[in-house]
Amino acid sequence: DSGVTQTPKHLITATGQRVTLRCSPRSGDLSVYWYQQSLDQGLQFLIHYYNGEERAKGNILERFSAQQFPDLHSELNLSSLELGDSALYFCASSGDPFSGNTIYFGEGSWLTVV
Amino acid sequence: AQSVTQLGSHVSVSEGALVLLRCNYSSSVPPYLFWYVQYPNQGLQLLLKYTTGATLVKGINGFEAEFKKSETSFHLTKPSAHMSDAAEYFCAVSVPFGNEKLTFGTGTRLTIIP
């Protein structure tokens with residue numbers, strides 16, 4: 001158990017809909033990362049938050065957004081869903097982002113768009 | 001920008017044989033390097049990491065990796081494969097003193113032959 005909690009574990013939704021994925025980082029970790037894992041794209045970095053502020057953006061679509069709340073949990077919002085958004089979405093957390101700390105991954109949220 | 005190349009998307013070894021999974025990186029600055037393992041329907045678990053210091057790094061489950069700057073490599077080895085080692089393995093790189101975003105390779109699926 002990495003200590004990173006993601007909900008829901010599985011989600012099936014229709015095209016055009018909007019979903020929210022939730023992540024609770026390990027206790028004390030200030031950094032939260034979101035990654036997408038799909039068969040065709042592999043593991044892609046989406047976005048990084050540190051203590052509530054966005055630090056870096058990766059290959060995140062404009063239809064997707066994220067935020068980190070004062071209690072450090074994070075949400076990834078996916079809207080106007082398309083079939084190609086079906087993937088495993090990972091949340092990860094770490095402590096100080098400047099010292100090579102280990103990034104711990106949750107078990108992921110499986111999203112299926114039908 | 002940094003990148004990782006994993007040679008061999010599928011590797012099969014016999015139980016008890018040497019496991020060698022290859023990873024080459026590209027980075028404009030001395031990198032941090034990681035190996036993660038993903039068991040079926042599970043999240044990513046850190047096997048080992050290299051930040052600074054000793055270039056031979058020992059990880060969990062008997063795995064180790066050696067950072068070779070001259071070869072820009074970080075190959076993962078285990079002297080004797082067990083059936084439980086069957087999984088997907090990802091090499092990743094990050095930039096020190098940056099936001100610690102991990103850039104992953106495409107993964108290598110390891111199959112153990114009884």
Side-chain angles (χ1 to χ4, degrees), chain A residues 1-7 9-10 21 23-26 29-51 53-60 68 87-110, chain B residues 1-10 23 25 27 29-55 57-60 65 67 74 87-109:
Chain A
D1 182 2
S2 67
V4 179
T5 304
Q6 291 187 246
T7 57
K9 292 193 185 308
H10 296 89
L21 308 180
C23 170
S24 293
R26 294 190 326 140
D29 282 357
L30 300 179
S31 273
V32 169
Y33 304 79
W34 287 96
Y35 285 82
Q36 179 195 60
Q37 185 179 33
S38 62
L39 284 175
D40 54 346
Q41 300 280 349
L43 271 161
Q44 297 284 318
F45 166 71
L46 295 179
I47 198 163
H48 169 208
Y49 278 86
Y50 177 75
N51 202 20
E53 293 189 7
E54 182 184 302
R55 296 288 298 189
K57 265 187 176 180
N59 300 321
I60 188 166
Q68 186 181 26
L88 180 57
Y89 291 85
F90 283 114
C91 173
S93 76
S94 71
D96 181 352
F98 304 109
S99 63
N101 275 358
T102 297
I103 297 178
Y104 294 90
F105 284 77
E107 295 200 349
S109 292
W110 280 99
Chain B
Q2 59 271 24
S3 65
V4 169
T5 301
Q6 290 184 243
L7 299 175
S9 57
H10 292 87
C23 171
Y25 70 89
S27 177
V29 298
Y32 293 156
L33 295 161
F34 305 80
W35 276 99
Y36 282 84
V37 61
Q38 185 178 27
Y39 298 102
N41 300 315
Q42 293 190 26
L44 294 164
Q45 180 182 9
L46 180 72
L47 279 176
L48 49 81
K49 69 177 183 180
Y50 168 79
T51 53
T52 58
T55 56
V57 180
K58 295 186 184 299
I60 62 171
F67 170 62
F74 191 58
E88 185 132 22
Y89 292 79
F90 292 92
C91 183
V93 62
S94 71
V95 175
F97 308 109
N99 63 33
E100 287 196 341
K101 175 195 78 169
L102 287 170
T103 299
F104 285 91
T106 51
T108 297
R109 184 168 299 278

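Here the structure is a predicted model, which is why all the values come from computation and not from measurement. Scope of the values below: all heavy atoms of this structure, side chains included, with no hydrogens, waters or symmetry mates. In the text below, chain A, chain B and the rest are named by the order of the sequence lines, each starting its count at 1.
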Next item on the list: Output the residues of residues 39-47 of chain B for which the shortest heavy-atom distance to chain A is under 4.5 Å, in residue-number order; output 'none' if no such residue exists.
Entry: Asn41(B), Gln42(B), Gly43(B), Leu44(B), Leu46(B)
Side-chain donor or acceptor of [X] paired with backbone N/O of [Y] under 3.5 Å:
X	Y	result
Gln36(A)	Asn59(A)	no
Thr108(B)	Gly8(B)	yes
Ser2(A)	Tyr104(A)	no
Gln68(A)	Glu54(A)	no
Gln37(A)	Leu88(A)	no
Gln38(B)	Phe90(B)	no

Note to self: Please identify, among Phe105(A), Trp110(A), Phe90(A), the residue contributing the most non-hydrogen atom pairs under 4.5 Å to chain B.
What the structure shows: Phe105(A)
